[in-house]
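Heads up: the structure comes next, in structure tokens.
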Amino acid sequence: MLHYTAMDSASAALDRLCDPAIEVSAHYLIGGDGTIWQMVDEAKRAWHAGAGEWRGLEDINSRSIGIELDNRGDHPFSEPQMAALEDLLRDVMQRHRIGPAGVIGHSDMAPGRKHDPGPRFDWTRLARQGLALRPAPARDHAQNPAHTPDPAPFRALARAAGYTAPCSDADLLAAVRLRLRPHACGPLDDADMAALAGFGQAGRR
């Protein structure tokens, strides 16, 4: 699971993540310069996910590896940081036999409560390398009746794609857009429906 620290520096994040009084931790922290710190053994639980659900599974802390990225959430992720993340993901995914569909953001499992790694994170870059799920192409979405904007079918598509955490329609749309259409705005539209349908199709391949 990928996060941003929402702090001003890697050192500040490191201090916080290693402070037992805070009761927050992660397996890894990656600085803006590409430095990687391992704080928790991968075989042990880190307290990075909190309340939420993904693909019907709760207690995500017990079934995930948390990677924090030194980023406030309002600026791009640096090239050294992304390169280090890619190397780390390859190793983790190989060790634990995790496929691209198993790499998610904090916002995916906690819509409305969490927004990281945020709209500036480059999911497409990871997907091109097989390090995250690449949505199936959505063709002719405007002409597809199944993609007519409607909250109920949208929620059904979201559940099929993995978004099973209880949340409002607005929070669900925001979470899906953070992952698939980070620059979209306004009410639910047919492009949201098509993107989510393609994402669910990719996850079943």
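In this chain, residues are counted from 1 in sequence order. Bear in mind the structure is a predicted one, so any value in this text is a computation, not a measurement.
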Where do Asp74 and Arg120 land on the salt bridge (charged side-chain N to carboxylate O under 4.0 Å, His left out) test, with the steps shown first?
-> CA-CA 7 Å; Asp74 60 359; Arg120 306 303 295 269; over 6 Å; no
Could you walk me through whether Ile104 and Arg179 pass the side-chain contact (heavy atoms from CB on, under 4.5 Å) check?
-> CA-CA 9 Å; Ile104 66 171; Arg179 183 67 186 266; 4.3 Å; yes
Would you say the side chains of Glu53 and Thr164 form a donor-acceptor pair under 3.5 Å?
-> yes
Between atom CZ of Arg72 and atom CG of Asp116, what is the distance when rounded to the nearest 0.5 Å?
-> 15.0 Å
Contact check, side chains of Val176 and Asp192, non-hydrogen atoms, under 4.5 Å | no
Taking NZ, NE, NH1 and NH2 as the nitrogens, is one of them in Arg181 or Asp189 under 4.0 Å from a carboxylate oxygen of the other?
-> yes
Report yes if some heavy atom in the side chain of Tyr28 is under 4.5 Å from a heavy atom in the side chain of Ile65; otherwise report no.
-> yes
Does the Ser25 side chain pair with the main chain of Trp47, one donor and one acceptor, at a distance under 3.5 Å?
-> yes
Would you call Arg90-Asp87 a salt bridge at under 4.0 Å N-O?
-> yes
Cluster question for you: counting only ILVMFWY and a side-chain heavy-atom cut-off of under 4.5 Å, with indirect links fine, are Met7 and Leu17 together?
-> no
Given the rule that I, L, V, M, F, W and Y join up when any side-chain heavy atoms are under 4.5 Å apart, are Leu178 and Met82 in one cluster?
-> no
Passes side-chain contact (heavy atoms from CB on, under 4.5 Å), Leu133 versus Val103? Steps please.
-> CA-CA 7 Å; Leu133 196 62; Val103 179; over 6 Å; no
Which pair of heavy atoms, one from Asn71 and one from Pro76, lies closest together, and at what distance?
-> ND2-O, 3.4 Å
Are Met1 and Trp54 connected in the hydrophobic side-chain network, where two residues link if heavy atoms are under 4.5 Å apart?
-> yes
Does the side chain of Thr35 pick up a donor-acceptor pair with the side chain of Asp33 at under 3.5 Å?
-> yes
Over all atoms of both residues, closest heavy-atom pair of Arg177 and Cys185 | NH1-C, 3.3 Å
Could you check Val92 against Arg95 for side-chain contact (heavy atoms from CB on, under 4.5 Å), going step by step and ending with a plain yes or no?
-> CA-CA 5 Å; Val92 170; Arg95 278 194 296 274; 3.5 Å; yes
How far does OG of Ser62 sit from CD of Glu58, to the nearest 0.5 angstrom?
-> 11.5 Å
Compare all side-chain heavy atoms of His183 with those of Pro119 and state whether any distance is below 4.5 angstrom.
-> no
Can you check whether Trp123 reaches Leu2 side chain to side chain, under 4.5 Å on heavy atoms?
-> yes
Quick one: closest heavy-atom pair of Ala10 and Gly31, and the distance?
-> CB-CA, 4.2 Å
Per the side-chain contact (heavy atoms from CB on, under 4.5 Å) rule, which among Thr5, Ile36, Leu69 passes with Leu29?
-> Thr5
Could you grab the distance from atom CD of Glu86 to atom CD1 of Ile30, nearest 0.5 Å is fine?
-> 9.5 Å
Kindly give the heavy-atom pair with the smallest separation between Pro111 and Ala175, and that separation in Å.
-> CB-CB, 3.7 Å
Nearest heavy-atom pair of Ile60 and Ala49: which atoms, and what distance?
-> CB-CB, 3.9 Å
Side chains of Leu126 and Phe121: closer than 4.5 Å at any heavy-atom pair?
-> yes
Do NZ/NE/NH1/NH2 and the carboxylate oxygens of Arg45 and Asp59 come within less than 4.0 Å?
-> yes
Are any of the side-chain heavy atoms of Thr148 and Met193 separated by less than 4.5 Å?
-> no
Between Asp169 and Arg155, what is the shortest heavy-atom contact and its length?
-> OD1-NH2, 2.7 Å
Check whether more than 12 heavy atoms from other residues, nucleotides or ligands sit under 6.0 Å from atom CZ of Arg97, and answer yes or no.
-> no
Interatomic spacing from CG in Leu57 to CE in Met109 - rounded to 0.5 Å = 10.5 Å
Expected output: side-chain Glu42 to main-chain Lys44 donor-acceptor under 3.5 Å | no
Under 3.5 Å, is there a donor-acceptor pair between the side chain of Arg113 and the main chain of Ala51?
-> yes
Using only heavy-atom distances, determine whether the side chains of His27 and Glu68 contain a donor-acceptor pair under 3.5 Å.
-> no
Applying the 4.5 Å side-chain criterion to the ILVMFWY set and letting contacts propagate, would Leu14 and Phe77 be lumped into a single cluster?
-> no
Spatial distance of atom NE2 (His106) from atom CD1 (Ile67) [nearest 0.5 Å] = 13.5 Å
Any chance you could measure Arg159, atom CZ, to Leu172, atom CG, to the nearest 0.5 Å?
-> 10.0 Å
In terms of the angle between their ring planes, are Phe199 and Tyr163 parallel, tilted or perpendicular, with boundaries placed at 30° and 60°?
-> tilted
Just checking, is any N or O donor in the side chain of Ser64 or His48 under 3.5 Å from an acceptor N or O on the other one?
-> yes
Salt bridge check: are Arg125 and Glu79 linked by an N-O gap of less than 4.0 Å?
-> yes
